[in-house]
Each structure stands twice: as C-alpha cells, then as structure tokens.
Amino acid sequence: MLSDVRVALIHYPVLGKDGKIVSSAVTNLDVHDIARTARTYNLKKYYIVTNLRAQQEVVKTVLKYWIDSYGRERNFSRTQALELVEIKSYLEDVVESIKKETGMEPLKFFTSARKRENSLSYDQARNLIRKTERPVLILFGTSWGLANEVLQSCDYALEPIRAGSDYNHLSVRAAAAIIIDRLIGEKEGQL
C-alpha cells in the first residue's frame, strides 16, 4: 500500500555554480510538468519552495489562471494537476505543514545527480515507501543542487538516475518523472 507521498521542488537554499547558496528562479514549465507528474501518480501534494516573494507571485499568477479562471474551463485536467501545488517559503514550512496535517514527521529523501555514500537504490527506497506509515517527502533541487543543510536534514539519499553515465544533466522535470516512476510506479507483477 502506498503511503502519503509528496514532492518538493527546492529553489532555496540551493547551490550556485560557484558553490555558494543562492535562490534560483521558478520556471513555468517546472510548475506545470511536475504537477502533471504528481497528479498522474496520485501524489498528495507538490510544494514549490522559494523564499523570493516575486517568484511566489509568479507561481500564484499561474495557479490563479488555471484553477480560478479561464484555464479551468479550457483544460480541466491541467487544473486538477495544479490544484496539488502549494507554495512555501522554506523547507521547514513544508515539514511543519505536513506535521500539522498528519501528526508525523515526514520521511525525507533527496535526489542528486552525484553519487553519494550510503545512497539507497530505487528498489530499497520503494520498499521503504511502501512499508512506512509516515508521510514521504521527496526533494528535488534546482540550480547546481541542494544546499548541504537540506541534505543533512534528510533521512535518505537516492542513487543518481544514471550514476555511470558520462553525461548526467537531466532537467529537473525529466528527473522528477523518472524518479517518481521508479519509486511508486507499477512494476511488472506488482501493484
């Protein structure tokens, strides 16, 4: 049985190219495409985490159009996906919201294009997700990756999608879809 699974796209704190902590820009494609993946896999929520008010306003404008305006009439399936989106300023706000809603601390996984010690395989993570009673939060980073403080707050690291590849620079939208499918998609012989 699937537990309560949610995803968060982190725009702060993330690393810039120089390794310093920055806030990255939210893209319209990330809002739409990850929401559509979340809805396809029946995830509970998709959090967009940005500490920048102007970026939050961009997301609110997109959501208003598709949820409360003409977009709802034009493409209701898009509305259904975007209804899963919730904007938060910080990861701590996401965790607090989940704890308030469920009464439990979420089990947090982070993703990375870099191989790390003690990374879980997708099969190991999938088994944990299926067995836990805790809500699950899968974190995706933007820019050059999640800040160390975010990594340290997580329970588990997931192995890279293509650890042995000489080119591992998928868009976060593509990576999210692949990872979500590997973790909670139907496997042959399993439901």
Side-chain angles (χ1 to χ4, degrees), residues 1-11 24 26-50 55 58-88 91 94-95 97-98 101-102 106-113 120-142 146 154 156-162 168-191:
M1 176 171 186
L2 267 185
S3 102
D4 170 348
V5 179
R6 303 157 191 244
V7 294
L9 184 61
I10 309 296
H11 293 86
S24 62
V26 176
T27 73
N28 191 32
L29 286 172
D30 291 344
V31 175
H32 285 266
D33 287 357
I34 296 174
R36 292 164 66 185
T37 300
R39 177 62 183 94
T40 298
Y41 287 89
N42 293 315
L43 302 188
K44 181 89 171 187
K45 188 77 66 181
Y46 165 34
Y47 300 97
I48 296 176
V49 180
T50 177
Q55 294 292 296
V58 168
V59 177
K60 287 177 187 175
T61 300
V62 169
L63 296 178
K64 183 174 175 43
Y65 175 80
W66 288 100
I67 294 172
D68 299 329
S69 190
Y70 177 70
R72 182 177 192 87
E73 296 170 25
R74 186 169 177 260
N75 187 342
F76 186 66
S77 65
R78 182 72 52 99
T79 300
Q80 290 176 304
L82 291 171
E83 285 176 332
L84 297 176
V85 175
E86 194 168 311
I87 305 162
K88 296 291 184 186
L91 177 57
V94 172
V95 171
S97 177
I98 294 170
E101 182 184 331
T102 68
L107 190 63
K108 295 186 291 294
F109 294 85
F110 75 85
T111 62
S112 174
L120 292 181
S121 71
Y122 288 97
D123 283 338
Q124 290 171 316
R126 179 187 187 88
N127 288 334
L128 270 172
I129 290 169
R130 291 192 176 271
K131 291 177 183 173
T132 188
E133 293 182 19
R134 290 168 59 187
V136 171
L137 180 61
I138 304 164
L139 306 180
F140 296 97
T142 57
L146 296 165
C154 290
Y156 299 103
L158 294 171
E159 65 185 4
I161 292 171
R162 304 240 329 131
N168 193 6
H169 297 281
L170 291 168
S171 70
V172 71
R173 298 175 303 285
I178 292 166
I179 290 168
I180 291 166
D181 185 70
R182 286 183 181 179
L183 293 175
I184 64 171
E186 293 180 21
K187 286 184 99 171
E188 194 174 318
Q190 291 184 331
L191 291 177

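Quick caveat: nothing in here was measured; it's all calculated off a predicted structure.
Under the side chain to side chain contact (heavy atoms under 4.5 Å, CB included) rule, Val49 has a single partner from Ile87, Thr142, Ile10, which is Ile10.
Annotation: side chain of Val95 is in contact with side chain of Pro106 (closest heavy-atom distance under 4.5 Å). Counting only heavy atoms from C-beta outward, the side chains of Val26 and Val58 never approach each other to under 4.5 Å. By the 4.5 Å heavy-atom criterion applied to side chains, Leu137 and Leu107 are not counted as neighbours. Trp66 is not listed as a side-chain neighbour of Glu83, based on a closest heavy-atom distance of 4.5 Å or more. Between Leu183 and Leu158, some side-chain heavy-atom pair lies under the 4.5 Å cut-off. Looking at heavy atoms from C-beta onward, Lys44 lies out of side-chain contact with Val5 at the 4.5 angstrom threshold.
Counting only distance, with no hydrogens or angles, the side chain of Thr40 and the backbone of Arg36 share a donor-acceptor pair below 3.5 Å. For Asn75 (side chain) and Gly71 (main-chain N/O), no donor-acceptor pair under 3.5 Å exists by modelled atom type. Judged by distance alone, the side chain of Glu101 and the main-chain N or O of Ile98 form no donor-acceptor pair under 3.5 Å. A distance-only check finds no donor-acceptor pair linking the side chain of Thr79 to the backbone of Ile67 [under 3.5 Å].
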> Would Ile48 and Gln55 count as a side-chain contact (heavy atoms from CB on, under 4.5 Å) if you check the C-alpha gap in whole Å, the side-chain angles of each, and the deciding distance to 0.1 Å?
Replying inline: CA-CA 10 Å; Ile48 296 176; Gln55 294 292 296; over 6 Å; no
> Going through the distances and angles, do Glu86 and Tyr46 end up as a side-chain contact (heavy atoms from CB on, under 4.5 Å)?
Replying inline: CA-CA 6 Å; Glu86 194 168 311; Tyr46 165 34; over 6 Å; no
> After noting the C-alpha distance and the side-chain angles of Tyr47 and Arg6, does the key distance pass the side-chain hydrogen bond (donor to acceptor under 3.5 Å, both in side chains) rule?
Replying inline: CA-CA 8 Å; Tyr47 300 97; Arg6 303 157 191 244; 2.7 Å; yes
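Salt bridge status for Arg126 with Asp123: absent, with no side-chain N to carboxylate O gap under 4.0 Å.
With sequence neighbours left out, the ring pair (Phe, Tyr, Trp, His ring centres under 6.0 Å) criterion links Tyr156 to Phe109. Under the side chain to side chain contact (heavy atoms under 4.5 Å, CB included) criterion, Ile178 pairs with Ile161, Leu170, Arg182, sequence neighbours left out.
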